[in-house]
Amino acid sequence: MKKLIQNKLIFYFSASSLFLVLISFLSAVFILGRVNQVLIIHFSHLAGIDKVGGMSAVYWLGASSFLLVLVNTFLSYYLESKDDFLGKFLASANLFVAVLIFIFFFAIISIN
């Protein structure tokens, strides 16, 4: 555990990323769990509704998003041991991806 907290910048970026993805997923589950109809997952201005699904699609999106951020976290710690810049760069990119996932989940919530 001490080795994980040794580099504070990567730890804070990774913890923030995991927290953001977890909060967005849990809020989507609690808000959309009461909806009994088909959920709109993706909407395009050109083609209209592209992808619909149920709560299982939301669960899969949450699990894959959490797995993506978790793998990027481990890769950023690994790259930090090899090169100082690459680990911090991947951790900051991980936070950016987590913000995009946060926007994605709240877009699903607002459409439905």
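The chain is numbered in sequence order, starting from 1. Just so it is clear, the model here is predicted, and its values are computed rather than measured.
Shown here is F43, whose CZ atom has more than 12 heavy atoms of other residues, nucleotides or ligands within 6.0 Å.
Side-chain atoms of T73 and N94, non-hydrogen and from C-beta on, do get closer than 4.5 Å to each other. Here the side chains of L61 and I41 are in contact, with some heavy-atom distance below 4.5 Å. Residues L86 and L90 fail the side-chain proximity criterion, which asks for heavy atoms closer than 4.5 Å.
Distance check: S65 OG to L20 CG gives 11.5 Å after rounding to the nearest 0.5 Å. Once rounded to the nearest 0.5 Å, the distance linking CG of N7 with OG of S81 reads 11.0 Å. The CG atom of L32 sits 10.5 Å away from atom CD1 of I111, with the distance rounded to the nearest 0.5 Å.
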Step-by-step side-chain contact (heavy atoms from CB on, under 4.5 Å) determination, S24 to F104: CA-CA 9 Å; S24 60; F104 173 71; over 6 Å; no
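Under a hydrophobic clustering in which Ile, Leu, Val, Met, Phe, Trp and Tyr are joined whenever their side-chain heavy atoms come within less than 4.5 Å, directly or via other members, V97 and L22 fall into the same cluster. Both F106 and L18 belong to a common hydrophobic cluster when Ile, Leu, Val, Met, Phe, Trp and Tyr are linked at side-chain heavy-atom distances under 4.5 angstrom. Follow the hydrophobic side-chain contacts under 4.5 Å out from F105 and you never reach W60; the two are in separate clusters. L68 and V71 are assigned to two separate hydrophobic clusters, defined by single-linkage of ILVMFWY side chains at heavy-atom distances under 4.5 Å. F96 and F102 fall into different hydrophobic clusters, where Ile, Leu, Val, Met, Phe, Trp and Tyr side chains are chained together by heavy-atom contacts under 4.5 Å.
Ring centroid separation for the pair Y78 and F74 does not come in under the 6.0 Å cut-off.
A pairwise comparison of heavy atoms in S44 and D50 identifies CB-OD2, 3.4 Å as the closest pair. Smallest separation of non-hydrogen atoms from K88 and L9: CD-CD2, 3.7 Å. The shortest heavy-atom contact between N112 and I108 is ND2-O, 3.0 Å. Closest approach of I109 and A28 over heavy atoms only: CD1-CA, 3.6 Å. Annotation for M55 and L39: closest pair SD-CD1, 3.8 Å, computed over non-hydrogen atoms.
For the pair S14 (side chain) and F11 (backbone), a donor-acceptor distance under 3.5 Å is absent.
For residues 12-31, no pair satisfies ring-ring contact (aromatic ring centres under 6.0 Å, His included), with sequence neighbours left out.
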